[in-house]
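What follows is one structure encoded as structure tokens, with my remarks underneath.
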Amino acid sequence: MFSNRITQLFNIDFPIIQAGMIWASGWKLASAVSNAGGLGIIGAGSMYPDTLREHLQKCKAATDRPFAVNVPLLYPDLDKHIQIIIEEGVKIVFTSAGNPKTWTGHLKQRGITVVHVVSSSKFALKAQDAGCDAVVAEGFEAGGHNGREETATFVLIPAVRKAVTIPVIAAGGIATGQQMLASMVLGAEGVQIGTRFVASEEASSHLSFKQAVVHAAEGDTQLMMKKLTPVRLLKNKFFQQVQEAEARGADEMELKRLLGRARAKAGMYEGNLEEGELEIGQVSALVNDILPAGQIVQDIWEEFLTALKNPLLHQG
Ligand SMILES: Cc1cc2nc3c(=O)[nH]c(=O)nc-3n(C[C@H](O)[C@H](O)[C@H](O)COP(=O)(O)O)c2cc1C
């Protein structure tokens, strides 16, 4: 049995956390990962309050193991989400994209473990001061929304490790056991993995999007929309429109208009690979198959153990 501060904090077997992801991580994915001994996270960011409640109830029915909910703190229905999370007895919340001071105390008073996602050691310290139990240090390589500082995971982990005493979970560019071991050598005590789990059978993302992830090569993603909220996108027609607009100096308003309301849903959930917004990480270049989520957890853990035994033996 492996044990460290992260497995103890969440009461899980392996310090492998499946990231909360809009349009990808519903109850099916979260419960599959939790049943495999990792920590599954339901991504509330794309859910109406009633949808979130339904996912929480289905997840509780599908697993006895701990699972968490990711709540982006800029979400319009935030108050309702928090209320539902408390009512449904969720034990672990991962917050992101906002000030950790706003909700951490409220959640902690109700016995909920709180983890905040950060992109710099300055924000990690803020999260620790707000009372968070751990931080996710998410580097520039990551899929989804990203820090303005553009600090890459290999630099971010040791920097955050130095800045805080609470456990650090590494995220951004991790899809294999070797990458997991490297992150933990640098000071992380667990990993949060997004892109790899988009290409899983249980992810709610559209099959066409999963296939696009499997076919992505190095250089096929880029961080865009820095004037608005930086987001790493898979290159497609919509990406080209953003690139064009940014090249001629489009302002925030124009970018907002271009993004519109339902781009992310159209791309990732409905499979419109041309017009939709496709959020994915650099590590998609290393993802070559769509597998059951439980097998992904097992494979990563076995690779991690093999690499730990002989870290300099490079596996093919
Ligand atoms: C499709 C997709 C959607 C995401 N949605 C969210 C989200 O709703 N909230 C959040 O905090 N992070 C979100 N992220 C970021 C992930 O939680 C995670 O930190 C990131 O994917 C890790 O990097 P990786 O993709 O290289 O594994 C998303 C990532 C992806 C790929």
Side-chain angles (χ1 to χ4, degrees), residues 16-26 29-30 33 38-47 52 55 68-75 77-78 81 93-98 100 114-119 123 127 134-147 151-154 156-157 168-176 179-180 182-183 188 190-200 203-206 209-210 212-213 216 218 220-221 223 229-234 263-271 276-287 293 296 300:
I16 298 173
I17 296 149
Q18 161 258 307
M21 294 179 286
I22 54 163
W23 303 116
S25 64
L29 178 56
V33 170
L39 184 73
I41 304 186
I42 292 177
S46 50
M47 295 180 182
L52 174 61
H55 278 260
V69 179
N70 166 245
V71 186
L73 294 174
L74 302 174
Y75 191 73
D77 276 324
L78 189 56
H81 272 182
V93 170
F94 279 50
T95 55
S96 54
V114 183
V115 179
H116 191 64
V117 182
V118 299
S119 56
F123 288 134
V135 283
V136 174
E138 191 200 55
F140 170 74
E141 301 91 325
H145 291 284
N146 215 304
T151 308
T153 304
F154 253 43
L156 186 64
I157 307 167
V168 178
I169 298 161
I174 302 163
T176 68
Q179 290 170 316
M180 177 176 175
S183 314
V191 289
Q192 170 169 291
I193 296 177
T195 295
R196 181 63 192 101
F197 283 108
V198 171
S200 69
S204 58
S205 9
H206 196 280
F209 178 43
K210 295 182 192 183
V213 173
E218 284 166 55
D220 281 355
T221 73
L223 194 67
T229 331
V231 62
R232 182 168 293 284
L233 298 180
L234 191 63
R263 283 273 186 193
K265 184 180 184 186
M268 297 186 277
Y269 193 68
E270 293 165 354
E277 183 195 15
L278 306 174
E279 299 184 9
I280 208 68
Q282 283 186 355
V283 80
S284 52
L286 303 183
V287 173
I296 294 173
I300 292 174

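No experiment lies behind these values; they were computed from the predicted model shown. For ligands, and for the atoms within them, numbers begin at 1 and follow the listed sequence. Basis for what follows: all heavy atoms, side chains included, without hydrogens, waters or symmetry-related copies.
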Nearest heavy atoms of [X] and [Y], plus distance in Å:
X: Thr153; Y: Gly172; value: OG1-O, 2.8 Å
X: Thr195; Y: Gly281; value: OG1-N, 2.9 Å
X: Phe209; Y: Glu279; value: CZ-O, 3.4 Å
X: Ala199; Y: Val213; value: CB-CG1, 4.4 Å

Could an N or O of ligand 1 be found under 3.5 Å from any N or O of [X], whether backbone or side chain?
X: Thr195; value: yes
X: Ala171; value: no
X: Gly143; value: yes
X: Gln192; value: yes

Enumerate the atoms of ligand 1 whose separation from the nearest heavy atom of [X] is less than 4.0 angstrom.
X: Glu138; answer: 15 (C), 16 (C), 18 (C), 19 (O), 20 (C)
X: Gly172; answer: 22 (C), 23 (O), 26 (O)
X: Met268; answer: 1 (C)
X: Gly173; answer: 24 (P), 26 (O)
X: Ile193; answer: 27 (O)
X: Ala19; answer: 16 (C), 17 (O), 18 (C)
X: Ser96; answer: 9 (N), 10 (C), 11 (O)

Can you pull out the closest protein heavy atom to [atom]? Residue, atom name and distance to 0.1 Å, please.
atom: atom 21 (O) of ligand 1; value: Gly194 CA, 3.4 Å
atom: atom 10 (C) of ligand 1; value: Asn70 OD1, 3.4 Å
atom: atom 8 (O) of ligand 1; value: Ile22 CG2, 3.2 Å
atom: atom 28 (C) of ligand 1; value: Met21 CG, 3.6 Å

Inset, instruction - Between Ala142 and ligand 1, find which residue part has any heavy-atom pair under 4.0 Å and reply side chain, backbone, both or neither. - result: both
Legend entry - Side chain, backbone, both or neither: the part of Glu279 lying under 4.0 Å from ligand 1 by heavy atom: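 Answer for Glu279: both.
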Legend entry - Verdict with reasoning, Gln18 to Ile193, per side-chain contact (heavy atoms from CB on, under 4.5 Å): CA-CA 5 Å; Gln18 161 258 307; Ile193 296 177; over 6 Å; no
Inset, instruction - Over 60° means perpendicular and under 30° means parallel, so classify the ring planes of His81 and Tyr75, tilted if in between. - result: parallel
Inset, instruction - Give a yes/no verdict on whether any heavy atom in Ala24 is under 4.0 Å from an atom of ligand 1. - result: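 Checking ligand 1 against Ala24, which is what was asked, there is no heavy-atom contact under 4.0 Å.
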Inset, instruction - Mind running side-chain contact (heavy atoms from CB on, under 4.5 Å) on Ile280 and Arg232 for me, showing each step along the way? - result: CA-CA 6 Å; Ile280 208 68; Arg232 182 168 293 284; 5.9 Å; no
Inset, instruction - Report yes or no: do Ser284 and Asp220 form a side-chain donor-acceptor pair below 3.5 Å? - result: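 Not at all, the side chains of Ser284 and Asp220 share no donor-acceptor pair under 3.5 Å.
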Legend entry - Test item: side-chain donor near acceptor, His116 and Thr95, under 3.5 Å: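 Thr95 and His116 do have a side-chain donor-acceptor pair below 3.5 Å.
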Legend entry - Minimum non-hydrogen distance to atom 6 (C) of ligand 1, winning option of Ser46, Gly20, Ala137, Gly144: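 Heavy atom nearest to atom 6 (C) of ligand 1 belongs to Gly20.
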Legend entry - side chain to side chain donor-acceptor pair (under 3.5 Å) involving Ser200 - partner list, sequence neighbours excluded: none
Inset, instruction - Go through the steps for Gln192 and Ile41 under the test side-chain contact (heavy atoms from CB on, under 4.5 Å), then give the verdict. - result: CA-CA 10 Å; Gln192 170 169 291; Ile41 304 186; 4.0 Å; yes
Inset, instruction - List the steps and the verdict of side-chain contact (heavy atoms from CB on, under 4.5 Å) for Leu73 and Leu78. - result: CA-CA 7 Å; Leu73 294 174; Leu78 189 56; 4.2 Å; yes
